[in-house]
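Proteins come first, then strands; the chains are lettered A, B, ... in the order of their sequence lines, and each starts at number 1. All values below were derived from every heavy atom in this structure, side-chain atoms included, with hydrogens, water molecules and symmetry-related copies excluded.
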Protein chains: 2
Amino acid sequence: MTQSLAPETKDCSDCPIRHRAVCAKCETDELALLEDIKYYRSFSAGQTVMWAGDRMEFVASVVSGVATLTQTMEDGRRQMVGLLLPSDFVGRPQRETATYTVTAASDVVMCCFRRKPFEHMIANTPHIAHRLLEMTLDELDAAREWMLVLGRKTAREKIASLLSIIGRRIADLSDKKSGQSITFDLMLTREAMADYLGLTLETVSRQVSALKKDGVIVLEGKRNITIPDMRRLMEEAGDDSDGGLLF
Amino acid sequence: MTQSLAPETKDCSDCPIRHRAVCAKCETDELALLEDIKYYRSFSAGQTVMWAGDRMEFVASVVSGVATLTQTMEDGRRQMVGLLLPSDFVGRPQRETATYTVTAASDVVMCCFRRKPFEHMIANTPHIAHRLLEMTLDELDAAREWMLVLGRKTAREKIASLLSIIGRRIADLSDKKSGQSITFDLMLTREAMADYLGLTLETVSRQVSALKKDGVIVLEGKRNITIPDMRRLMEEAGDDSDGGLLF
DNA sequence: CTCCGGATTTGATCTGTGTCAAGGAAAGCT
DNA sequence: AGCTTTCCTTGACACAGATCAAATCCGGAG
């Protein structure tokens, strides 16, 4: 998952999507092309980046902050269907209108690419298409993992799963070794967590308290979380503890 | 969604994956390449096509029948994460081992492609990569739609959603107009439906009976379902009734 | 420093779905 | 035809999580 995409690749070291996104193998001329069609936008916490049904003028890559993808039913029931951390990609090439509402959960900076030229670039640059395919397949796997969480896990397991997933992403980004304790600021309200997990905010609050009481997590204030033992958390989440060893 | 991929494209009219899959724009030499690396396999209902963790020797396309993708927790809780109907694609290029267990829900015929040469073909044939990207994005949307079902809908709405999704696929395949009543054989056991919906088989049974009593569906035997009014069913599913009209 | 409003916690109660249990119906086999 | 097996239905009851309600916490504005 953490590939050998040396972030220090010279040609595109300033490109915000270098980690996982389209310009993994940037060459100079492609970078120039990217530079031509890209621009940055900032959003403050709580702001809506794009409404479901809006005409989509750009696709983008998250540079910093956390954004969410949500779907809403007529009567207001909401389900988060994606959590976008730095380096994640937003938007679907070839599609005119947005399918989901994109919201900034914290202050967010995005690197936007005008959609039309971006589509053109995909069509003409095979390795970008491949990279995008790879990323989409990763997202599909994540969505499917989430289906198990939503369909079959208890409230406590759901919370543990969410914290474990975010914890691992953070640990990856900051090169933590497994075994070390991990501390991070959770940039989601209890309500956002509930929307992600298919729970109510009250249940989220109760289960977070329970995990804290049982020493699975340590809370400093409301949002700053320390995971003393990742293995323990993953057991609580109901994940295989044997880190992927298969017979 | 139903694209203008004339199924009668001469060059690949006998290719089982012509509808949505990689050879949408087959040219003669590519077809030859496909012919070289593909073969057919049949599976009988209930048979496991591939276990999670198995080495993946092929990717494939469903020719006929219904297959399922499932994930299982250590204690046996199961969640279906994909329902594969004819023309759907199975397997992830570039990945050595299968992530999910693939099971034949009914008798199934698959068109298999040896993985290595298939990967090679993707690398060398841009439009195949694009087609695969398109298909993967469709699957991602389907998975996200399913997250809303799993996270926020009631048991009754879940059943209605499943029937509506299958009904629409069937209607598409057989060129039914909307407004007509649709009849089809549901090729899933109550248990498989439960695994898909994050319910127990008893709850599925009860809610199917309830929908039948209320005239939303008509049952002939256990499996043969008629949907007299698709609009009504979609209301029951909690979907927007205005077929996607956005201001 | 104090006040205010959103975020969070906690409590009491209700309810939809799970669990356990017992039959029933259809399909295949001898 | 009778038996077995698998799938499905229905009932009674339990419980996890939702709902309703009320404090409490905390950061920012004044």
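As rounded to whole Å, 10 Å separates atom P of D/dA18 from atom CD of A/Gln207. As rounded to whole Å, 12 Å separates atom P of C/dT8 from atom CD1 of A/Ile159. Rounded to whole Å, the distance from CG on A/Asp195 to C1' on C/dT8 is 15 Å. Residue A/Met193 contributes atom CE, which lies 12 Å from atom C1' of C/dT8 at whole-angstrom precision. To the nearest angstrom, P of C/dT17 lies 13 Å from CZ of A/Arg152. One can place NZ of B/Lys153 at 17 Å from C1' of C/dG16, the figure rounded to the nearest angstrom. Distance NZ (B/Lys158) to C1' (C/dG16): 11 Å, rounded to an integer number of Å. When rounded to the nearest whole Å, the span between NZ of A/Lys212 and P of C/dT8 equals 13 Å.
Between B/Ser44 and B/Gln47, the side chains place a donor N or O and an acceptor N or O closer than 3.5 Å (distance only, hydrogens not considered).
Within 4.0 Å of B/Gly198, counting heavy atoms only, lie sugar-phosphate atoms of the nucleic acid but no base atom.
Residue pairs meeting the ring pair (Phe, Tyr, Trp, His ring centres under 6.0 Å) criterion with at least one partner in residues 188-218 of chain A, sequence neighbours excluded, are A/Trp146-A/Tyr196.
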The test is side-chain contact (heavy atoms from CB on, under 4.5 Å); show your working for B/Thr226 and B/Ile217 and say whether it passes. CA-CA 6 Å; B/Thr226 298; B/Ile217 59 174; over 6 Å; no
Do nucleotides 6-14 of chain D as a string where each nucleotide becomes B, S or -: B if the base has a protein heavy atom under 4.0 Å, S if just the sugar-phosphate does, - if no protein is that close. -SSBBBB--
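Scanning all heavy atoms of the two residues, the minimum distance from B/Thr203 to B/Ala155 falls at CG2-CB, 3.7 Å. Annotation for A/Phe184 and A/Gly167: closest pair CE2-CA, 3.9 Å, computed over non-hydrogen atoms. Closest of all the heavy-atom pairs between B/Arg77 and A/Arg152 is NH1-O, 3.0 Å.
Helix-axis bend for the helix from C/dC1-D/dG30 to C/dT30-D/dA1: the local axis fitted to the five terminal pairs at one end deviates from that at the other end by 40°, rounded to 10°.
With values rounded to the nearest 0.5 angstrom, A/Ile227 atom CD1 is found 5.5 Å from A/Ile182 atom CD1.
For A/Arg78 and A/Glu191, the salt-bridge test passes: some basic side-chain N is under 4.0 Å from an acidic carboxylate O. Taking 4.0 Å as the cut-off between side-chain N and carboxylate O, A/Arg231 and A/Glu235 do not count as a salt-bridged pair.
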